[in-house]
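The next block holds one structure in the form of structure tokens; read it before the comments.
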Amino acid sequence: QVQLVESGGGSVQSGGSLRLSCIVSENPYSAMSMGWVRQAPGKEREGVAAIGSDGVTNYTDSVSGRFTISRDNAKNTLYLQMNNLKPEDTAMYYCAADIYGKASTHSLVLWPALFGYWGQGIQVTVSS
């Protein structure tokens, strides 16, 4: 059973930064496509960013230029560096895995249901 455990969330003022981390229990982690998905209260789940096993990344338009997704295959860890945070970034953030790496990162951001495995989620709150 693949387990994903997020850390690094919290509260920050508008314009601030946070870095989320996600540790994945299974191997080969390097073969997986990974991503971050968020859901705000009363809103649909939204793909934020994805990274393939080849390092190709994709972002939803609202975070492009502010967020950076990266991975450390030696540590089975996924990161999301979030800069210039805005109140509209407030949401529960989920680490997600496509363990077979079949879908493109573009597709994973557009249709986050393509991810087969999810973490428990971590709250990010941005105040104005």
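Atoms considered below: every heavy atom in the structure, side chains included; atoms not considered: hydrogens, waters and symmetry mates.
For the salt bridge (charged side-chain N to carboxylate O under 4.0 Å, His left out) test, residues two or more places apart in sequence or in another chain that qualify with E46 are R38. When the side-chain hydrogen bond (donor to acceptor under 3.5 Å, both in side chains) test is applied to S7, no partner is found at least two apart in sequence or on another chain. Applying the side-chain hydrogen bond (donor to acceptor under 3.5 Å, both in side chains) rule to S64 yields no partners; only residues at least two apart in sequence or on another chain are considered. Checked against side-chain hydrogen bond (donor to acceptor under 3.5 Å, both in side chains), S14 has no partners two or more places apart in sequence or in another chain. The side-chain hydrogen bond (donor to acceptor under 3.5 Å, both in side chains) search around Y94 returns none, not counting sequence neighbours.
Using a 4.5 Å cut-off between side-chain heavy atoms of Ile, Leu, Val, Met, Phe, Trp and Tyr, with links allowed through other members, V12 and Y93 fall into the same hydrophobic cluster. No single ILVMFWY cluster, assembled from side-chain heavy atoms under 4.5 Å apart, contains both Y79 and V48. A single hydrophobic cluster is seen to contain both L4 and L18, as judged by linkage of ILVMFWY side chains at heavy-atom distances under 4.5 Å, directly or through other members. Transitive grouping of hydrophobic side chains (ILVMFWY, heavy atoms separated by less than 4.5 Å) keeps M92 and V63 in distinct clusters. Hydrophobic cluster membership differs between V37 and Y59, with clusters built from Ile, Leu, Val, Met, Phe, Trp and Tyr side chains linked at under 4.5 angstrom.
Evaluation of the salt bridge (charged side-chain N to carboxylate O under 4.0 Å, His left out) test over residues 60-74, restricted to residues two or more places apart or in two chains, returns R66-D89. A disulfide (SG to SG under 2.5 Å) check over residues 9-123, counting only residues at least two apart or in different chains, returns the pairs C22-C95. Pairs of residues two or more places apart, or lying in two chains, that qualify as side-chain hydrogen bond (donor to acceptor under 3.5 Å, both in side chains) and include a residue from residues 17-32 are S17-N83, N27-N76.
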Solution key, residues 119-128 side-chain donor-acceptor pairs under 3.5 Å, sequence neighbours excluded:
unit_1 : atom_1 : unit_2 : atom_2 : d
Q123   : NE2    : A91    : O      : 3.4
Q123   : NE2    : T125   : OG1    : 3.4

Quiz: residues 100-114 side-chain donor-acceptor pairs under 3.5 angstrom, not counting sequence neighbours:
unit_1 : atom_1 : unit_2 : atom_2 : d
S104   : OG     : S107   : N      : 3.0
S104   : OG     : S107   : OG     : 2.9

Exercise. After noting the C-alpha distance and the side-chain angles of V24 and Q3, does the key distance pass the side-chain contact (heavy atoms from CB on, under 4.5 Å) rule?
Worked result: CA-CA 6 Å; V24 181; Q3 291 188 327; over 6 Å; no
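The structure places CG of N58 at 11.0 Å from OG of S33, a figure rounded to the nearest 0.5 Å. Atom CE of residue M34 and atom CG of residue N73 lie 10.0 Å apart, to the nearest 0.5 angstrom.
No donor-acceptor pair under 3.5 Å is formed between the side chain of T90 and the backbone N or O of E88.
Applying side chain to side chain contact (heavy atoms under 4.5 Å, CB included) to L20 and the options E6, M82, Q81 leaves one that passes, M82.
The shortest side-chain heavy-atom distance between I51 and L78 falls under the 4.5 Å cut-off.
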